[in-house]
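To keep things clear, I will list the structure first and then write my remarks on it.
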Amino acid sequence: MPGLLLPPQAEPRWRPAGRIPNYRLGHRERTWLLDDSSLTRRIVANNPGHFRVQRLRQEWVTPLPSERRLLDIPLRQRALVREVILQVDDVPLVFARSLFPVSSLTGELRHLRQLRNRPLGAILFRMPGMQRSPFEVARIDGNSSYLPHSLQQPASAWGRRSCFDIGGRQLLVSEVFLQAFRPWPAELPVHRSQHGKVNAAILRSKQ
C-alpha cells in the first residue's frame, strides 16, 4: 500500500560498526561491510554471471524514526523510498533501500526520481565532491518486516547503512546482504573511494 509505515519492530537496531565486537562480526564480513567503494562494482568483479538491478518499489512514504533523524526530515513529511534487489543470474544477493528527502531531489539530483532499474551507486560515485558517512551496521532477522516478504529467509543477515552528501543534499542508503551472498571469502584491500571520502561529521552532527 503506498505510503505504508512499517511497524516499529521492523526497524533494525543500527549501531556504529566500531561498537560491534570482533567475535560477532568477523574479519571477512567486516571487510565487505565497511568497504566504502561501490558495492555494485565489487559484486560484478567477484561474480562472473549476469548482474542486474531489479526495482521492487518506489514511492513516497513516511520514513522510519531513525531515518527521519539521520536526514533531518520534519515530522510527518514524506520522503521518496526506492527498494531494489542486486542480483546475479537472477539470484538475489543484496536488498537495498534508498531514502531521498524531497529537499535533496533538486538540481543535479532531480533525475534520481527516474532511476528505474539503474544502479544508484554507479551515479553517486561519479559525482565530484561526494562524501559518505561512516557505516552503521545491524544483524537483521531473516523474517523481519524490514525485508520484503519475497526476500525473507531462514537465516539472519548483516545490513549496513550510510548517508551520502552531494553539495549539501543528503540521501540514505541501506543494504542487506542476503543468504545467497557468497563473496565473503574474498579478501579486499584497505580501500578509500577515489570519487568520494568518508566524512564522520555527516553522522556526528546528528547524534
Side-chain angles (χ1 to χ4, degrees), residues 1-14 32-33 35 38-44 46-47 49-68 70-71 73 77-102 104-105 109-125 132 135-164 170-184:
M1 181 180 297
L4 180 65
L5 177 64
L6 293 173
Q9 64 269 24
E11 192 161 13
R13 186 186 177 192
W14 299 103
W32 271 93
L33 284 169
D35 182 71
S38 169
L39 178 60
T40 295
R41 191 174 300 168
R42 292 297 187 188
I43 290 176
V44 170
N46 283 271
N47 289 272
H50 173 66
F51 173 84
R52 74 182 181 99
V53 175
Q54 179 186 349
R55 189 178 71 175
L56 299 177
R57 72 164 178 155
Q58 181 171 309
E59 58 188 315
W60 293 93
V61 303
T62 301
L64 295 169
S66 72
E67 295 173 337
R68 179 173 55 80
L70 279 176
L71 294 171
I73 298 173
Q77 184 179 102
R78 292 188 176 188
L80 185 65
V81 68
R82 177 177 182 256
E83 294 183 344
V84 304
I85 305 171
L86 309 184
Q87 54 190 13
V88 173
D89 292 336
D90 296 324
V91 177
L93 301 181
V94 175
F95 165 68
R97 173 183 169 92
S98 305
L99 202 75
F100 307 86
V102 64
S104 294
L105 293 170
L109 301 186
R110 186 180 306 165
H111 69 285
L112 295 182
R113 298 170 184 254
Q114 288 128 8
L115 282 174
R116 299 186 184 276
N117 290 322
R118 287 184 293 160
L120 175 61
I123 297 172
L124 295 180
F125 283 91
R132 188 175 195 176
F135 289 107
E136 294 182 327
V137 300
R139 191 68 175 173
I140 300 169
D141 290 340
N143 62 353
S144 169
S145 53
Y146 187 79
L147 292 171
H149 183 72
S150 62
L151 295 180
Q152 292 183 1
Q153 57 187 34
S156 58
W158 282 109
R160 69 179 191 175
R161 72 176 182 180
S162 63
C163 290
F164 288 81
Q170 294 190 4
L171 56 112
L172 178 65
V173 177
S174 306
E175 295 152 331
V176 181
F177 294 76
L178 302 171
Q179 198 166 344
F181 185 78
R182 287 291 179 265
W184 294 123

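When every heavy atom of Ile73 is checked against every heavy atom of Ala79, the shortest pair comes out as CD1-CB, 4.0 Å. Pro148 approaches Glu83 most closely through the heavy-atom pair CG-OE1, 4.3 Å. The minimum heavy-atom distance linking Gln152 with Ser145 is given by the pair NE2-CA, 4.0 Å. Closest approach of Pro154 to Gln179, counting heavy atoms only: CD-OE1, 3.5 Å. The two residues Gly159 and Ile140 come nearest to each other via the heavy atoms CA-CD1, 4.2 Å. Shortest non-hydrogen contact noted between Leu93 and Ala180 is CD2-O, 3.4 Å.
Judged by distance alone, the side chain of Glu11 and the main-chain N or O of Ser66 form a donor-acceptor pair under 3.5 Å. With Asp89 contributing its side chain and His50 its backbone, the two residues share a donor-acceptor pair below 3.5 Å. Within the 3.5 Å criterion, the main-chain N or O of Phe100 finds no donor-acceptor partner in the side chain of Arg82.
Counting heavy atoms from C-beta outward, Leu124 and Arg132 have side chains that stay 4.5 Å or more apart.
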- request: Go through the steps to decide whether Asp141 and Tyr146 satisfy the test side-chain contact (heavy atoms from CB on, under 4.5 Å), and finish with yes or no.
  value: CA-CA 9 Å; Asp141 290 340; Tyr146 187 79; over 6 Å; no
- request: Give the intermediate values and the outcome of side-chain contact (heavy atoms from CB on, under 4.5 Å) for residues Phe125 and Thr40.
  value: CA-CA 11 Å; Phe125 283 91; Thr40 295; over 6 Å; no
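Glu67 pairs in a salt bridge (charged side-chain N to carboxylate O under 4.0 Å, His left out) with only one of the listed residues (Arg97, Arg78, Arg161), which is Arg97.
We find the SG-CG distance between Cys163 and Leu171 to be 8.0 Å, quoted to the nearest 0.5 Å. The line from CZ of Phe51 to CD of Gln87 is 8.5 Å long, rounded to the nearest 0.5 Å.
Taking the ring centroids of Trp158 and Phe181, they lie at or beyond the 6.0 Å cut-off.
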